[in-house]
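Chain naming here is simple, since letters A, B, ... match the order of the sequence lines and numbering starts at 1 in each. These numbers come from a predicted model, not from an experiment.
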There are 2 protein chains.
Amino acid sequence: MRIGELAARAGTTTRTLRYYESRGLLPARRGGNGYRTYDEADLKLLRQIRTLQDFGFDLEETRPFVECLRAGHPEGDSCPASLAVYRRKLAELDSLIGELQAVRAEIGVRLATVEEPTPLCELGGSEL
Amino acid sequence: MRIGELAARAGTTTRTLRYYESRGLLPARRGGNGYRTYDEADLKLLRQIRTLQDFGFDLEETRPFVECLRAGHPEGDSCPASLAVYRRKLAELDSLIGELQAVRAEIGVRLATVEEPTPLCELGGSEL
DNA sequence: GTAATCCTTGACGTCGGCGTCAGGGCAACA
DNA sequence: TGTTGCCCTGACGCCGACGTCAAGGATTAC
């Protein structure tokens, strides 16, 4: 299949596929006319990349998974390098989620502090 | 005080201050020599901006807080526009945190699936 | 006096993941 | 034969928040 069909079947664009190729992530064979040619295996690789991208992995992080698939494994995450990325990502996510929750809590407090009608009973009462 | 001192006192750089000025966020008076001149109030504004940036607010989102301070309020978040940003940010954070937790869970499952020695008792047993 | 340190403006560079032309080739169908 | 529709490469654009360099003027320290 050619680039347009692959892009359509993976729900992406030809530009994206050329970009992946330029990054060495998804090289393509070429037909006699110079057109890129892909097969079902490429579609699988591409879907793996896209799934991880949706998870927030950057392109480089998807590389071990793609190479794992190309090495013949039925799943891209059944290789040590992929697992290492998973573990690193888990740690990153835990850290990030923690930070975001801390920020969320801080904003929640500030919002409540300003929003509340400041109950008279908590003002100390002396100014009454 | 001049730009270098303000930057140092706020733990940022002169480039950042010029950038904020170019965005209309932190305008500066000028001395006879053309040098930017700042006072303690500017330091307060700058610290407000930096705090919000640390929280993950983008520059435009800090504007209401800065304007609130400049309007004379002792706190940048005691104005309706600031509260609106707070509320929007809370919703964004909740949404983002939820997505990240879902991704974290998914990765956790995949990691466990591949990592586990696949207990024999869960394989169905027929192949034994 | 002069060297070191500050300040000025302007403008290009960075990062990631592409979008969007521009200019041209190849193929298939009427 | 022309038109439509795919494909090609190359290259600039985008976003946000600055970093960094260049070329020069002002100030300050000695």
Side-chain angles (χ1 to χ4, degrees), chain A residues 1-39 42-43 45-66 85 88-89 92 96 99 103, chain B residues 1-39 42-43 45-66 85 88-89 92 96 100 103:
Chain A
M1 100 190 83
R2 297 185 303 187
I3 195 170
E5 186 183 346
L6 178 60
R9 288 182 62 188
T12 182
T13 67
T14 61
R15 179 69 183 90
T16 295
L17 299 189
R18 295 197 186 95
Y19 177 65
Y20 290 171
E21 184 176 4
S22 79
R23 304 277 83 198
L25 206 58
L26 192 64
R29 279 112 289 173
R30 297 300 180 116
N33 49 15
Y35 286 11
R36 290 172 178 83
T37 303
Y38 303 91
D39 56 22
D42 290 315
L43 178 57
L45 297 182
L46 180 52
R47 286 191 168 139
Q48 171 78 81
I49 297 172
R50 293 265 97 196
T51 297
L52 294 175
Q53 287 269 85
D54 288 346
F55 280 180
F57 287 51
D58 61 35
L59 264 193
E60 280 312 309
E61 287 174 328
T62 73
R63 199 179 291 275
F65 296 81
V66 175
V85 174
R88 195 156 44 76
K89 212 64 188 176
E92 275 178 27
L96 178 58
E99 289 172 16
V103 169
Chain B
M1 112 189 72
R2 297 185 306 188
I3 194 169
E5 186 183 346
L6 178 60
R9 288 182 64 186
T12 183
T13 68
T14 61
R15 179 69 183 89
T16 295
L17 299 190
R18 295 197 186 96
Y19 177 65
Y20 290 172
E21 182 175 3
S22 80
R23 304 276 82 196
L25 206 58
L26 192 63
R29 280 112 287 175
R30 298 300 181 114
N33 50 14
Y35 286 13
R36 291 171 178 82
T37 303
Y38 302 92
D39 55 23
D42 291 313
L43 177 59
L45 297 181
L46 180 52
R47 286 191 166 137
Q48 171 79 81
I49 296 172
R50 293 265 98 197
T51 297
L52 295 175
Q53 287 269 84
D54 288 345
F55 280 179
F57 287 50
D58 62 34
L59 263 192
E60 279 312 308
E61 287 174 327
T62 71
R63 199 178 293 274
F65 296 80
V66 175
V85 174
R88 192 155 46 76
K89 212 66 190 175
E92 275 178 27
L96 178 58
L100 291 178
V103 169

Given dC18(C), dC26(C), dT8(C), the nucleotide with the shortest approach to the side chain of Tyr20(A): dC18(C)
Roughly how many Å is it from CG in Leu17(A) to C1' in dC7(D), rounded to a whole number? 13 Å
Expressed as a whole number of angstroms, how long is the span from Leu46(B):CG to dA17(D):P? 15 Å
Under 4.0 Å between a side-chain N or O of Thr37(B) and OP1 or OP2 of dC7(C)? no
Kindly say if Thr14(B) contacts the phosphate of dT8(C), meaning a side-chain N or O under 4.0 Å from OP1 or OP2. no
Roughly, in whole Å, what's the span from CD in Glu60(A) to C1' in dC15(C)? 13 Å
Run the salt-bridge test on Asp42(B) and Arg29(B) with the 4.0 Å N-O cut-off and return the result as yes or no. yes
Map Thr16(A) and Tyr35(A) onto DNA chain C by nearest heavy atom, then report which one ends up closer to the 5' terminus. Thr16(A)
Please evaluate residues Glu60(B) and Arg63(B) with respect to the criterion salt bridge (Lys or Arg N to Asp or Glu O under 4.0 Å), reporting the C-alpha separation (whole Å), side-chain torsions for both, the decisive distance (0.1 Å), and the verdict. CA-CA 5 Å; Glu60(B) 279 312 308; Arg63(B) 199 178 293 274; 2.7 Å; yes
Check every strand shown and say whether Arg18(B) touches a base, only sugar-phosphate, or nothing at a heavy-atom separation below 4.0 Å. base
Contact under 4.0 Å: Thr13(A) side-chain N or O vs dG19(C) OP1/OP2: yes
Starting at CG of Asp54(A) and ending at C1' of dC18(C), how long is that distance when rounded to a whole Å? 15 Å
Any donor-acceptor pair under 3.5 Å between the side chain of Tyr19(B) and the base of dG19(D)? no
Can you tell me the distance, in whole Å, between the CG atom of Asp58(A) and the P atom of dT14(C)? 19 Å
Grab the CD1-C1' distance between Ile3(A) and dG5(D) for me, whole Å please. 15 Å
Is Glu92(A) paired with Lys89(A) through a side-chain N to carboxylate O contact shorter than 4.0 Å? yes
Which is more 5' along DNA chain C, the nucleotide nearest Arg15(B) or the one nearest Glu5(B)? Just name the residue. Glu5(B)
Once you round it to whole Å, what is the distance between C1' of dA26(D) and CZ of Arg30(B)? 14 Å
Whole angstrom is fine here: how far is it from CG in Leu25(A) over to P in dG16(C)? 14 Å
When every non-hydrogen atom of Leu43(B) is compared with those of Arg9(B), the smallest separation belongs to CD2-NH2, 3.4 Å
Taking for each residue the nucleotide of DNA chain D bearing the nearest heavy atom, is the 5' side occupied by Gln53(B) or by Arg2(B)? Gln53(B)
It should be established whether Arg36(B) places a side-chain nitrogen or oxygen under 4.0 Å from OP1 or OP2 of nucleotide dT8(C). yes
Is there a side-chain contact between Leu59(B) and Tyr19(B), using heavy atoms and a 4.5 Å cut-off? yes
Looking at Asn33(A), I'd like to know whether one of its side-chain N or O atoms comes within less than 4.0 Å of OP1 or OP2 on dG25(C). no
